[in-house]
Amino acid sequence: MTILNELHQDHINLNKLLVILRHKVEKLRSGEHPNFGLMGDVVEYISTYADAYHHPREDRMYEYLRGRSDNLDLAIDDCIAQHRHLKKLGEELCESVDSILHDAVMPMDEFTDKLAAFVEEQSTHLNFEEGSLFPLVQGVATENDWATLNNDLPSVEDPLFGEKQAARYAELYQELLVDFNND
Ligand SMILES: [Fe+2]
Ligand SMILES: [Fe+2]
């Protein structure tokens with residue numbers, strides 16, 4: 001079940017970033033201005049990693065297993081709709097951060113609500129997959145399926161992207177820890 005373990009590890013990493021973004025939401029709500037450059041990098045990282053790599057791998061795994069049970073099919077439909085919605089939220093949030101960085105006037109309440117919605121929806125999505133969808137997947141997939149999926153969905157489809165994203169993650173996480181400890 002390599003694939004599922006890798007997707008699970010992605011969830012753990014993404015969740016660590018979401019915890020820090022949630023802390024940023026609290027800071028914003030209390031009237032403080034966080035480091036927008038760094039926040040923008042984190043949001044962009046999450047969106048890029050999730051939309052360009054993590055969700056497409058999941059989508060292919062789900063499509064391969066479609067038709068095995070009604071519950072699974074319904075959960076897959078929900079999940080794919082969530083992927084689409086998260087992509088839109090991420091794009092909108094990246095645009096908002098960009099405009100703030102370019103000194104556009106944006107009410108902070110409005111921005112904070114957008115950031116909060118992004119964090120909560122990402123987090124609800126991770127919990128839905130971990131708590132509902134992955135168990136359904138595990139219930140129907142056989143050893144043969146995992147062998148096929150592990151072959152069809154190699155962990156690094158684009159080695160450059162994979163390596164770059166891994167390095168970027170480590171770098172961002174370090175920066176975030178420093179920023180977090182300075183708060
Ligand atoms: Fe997902
Ligand atoms: Fe996921």
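When a ligand or atom number is given, it counts from 1 through the structure's own listing order.
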- Look at His125 and state whether any of its N, O or S atoms is less than 2.8 Å from the Fe ion (ligand 1).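 So His125 counts as coordinating the Fe ion (ligand 1), yes.
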
- Query: Does His83 bring an N, O or S atom to under 2.8 Å of the Fe ion (ligand 1)?
  - Reply: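 Checking the Fe ion (ligand 1) against His83, an N, O or S atom does fall under 2.8 Å.
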
- Name of the Glu129 atom (N/O/S only) found closest to the Fe ion (ligand 2):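 For Glu129, the N/O/S atom sitting closest to the Fe ion (ligand 2) is OE1.
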
- Query: Counting heavy atoms not belonging to Lys114, are there more than 12 under 6.0 Å from its NZ?
  - Reply: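 Yes, the 6.0 Å shell around NZ holds more than 12 heavy atoms from other groups.
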
- Any chance you could measure Leu115, atom CG, to Arg22, atom CZ, to the nearest 0.5 Å?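 The distance works out to 10.5 Å.
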
- Query: Looking at the Fe ion (ligand 2), is one of the N, O or S atoms of Glu58 less than 2.8 Å from it?
  - Reply: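 Yes, since at least one N, O or S atom of Glu58 sits under 2.8 Å from the Fe ion (ligand 2).
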
- Task: Look at His54 and state whether any of its N, O or S atoms is less than 2.8 Å from the Fe ion (ligand 2).
- Result: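 Given the 2.8 Å cut-off, His54 counts as a ligand of the Fe ion (ligand 2).
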
- Message: Parallel, tilted or perpendicular: which one describes the rings of Phe128 and His125, with boundaries at 30° and 60°?
- Response: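 Taking His125 first and then Phe128, their aromatic rings sit tilted (interplane angle of 30° to 60°).
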
- Less than 4.0 Å between a side-chain N and a carboxylate O, is that true for Glu63 and Arg60?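 The answer is no: the pair does not qualify as a salt bridge.
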
- Item | Note: Asp145-Arg68 ion pair, threshold 4.0 Å (strictly below) |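 Yes, charged N to carboxylate O under 4.0 Å.
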
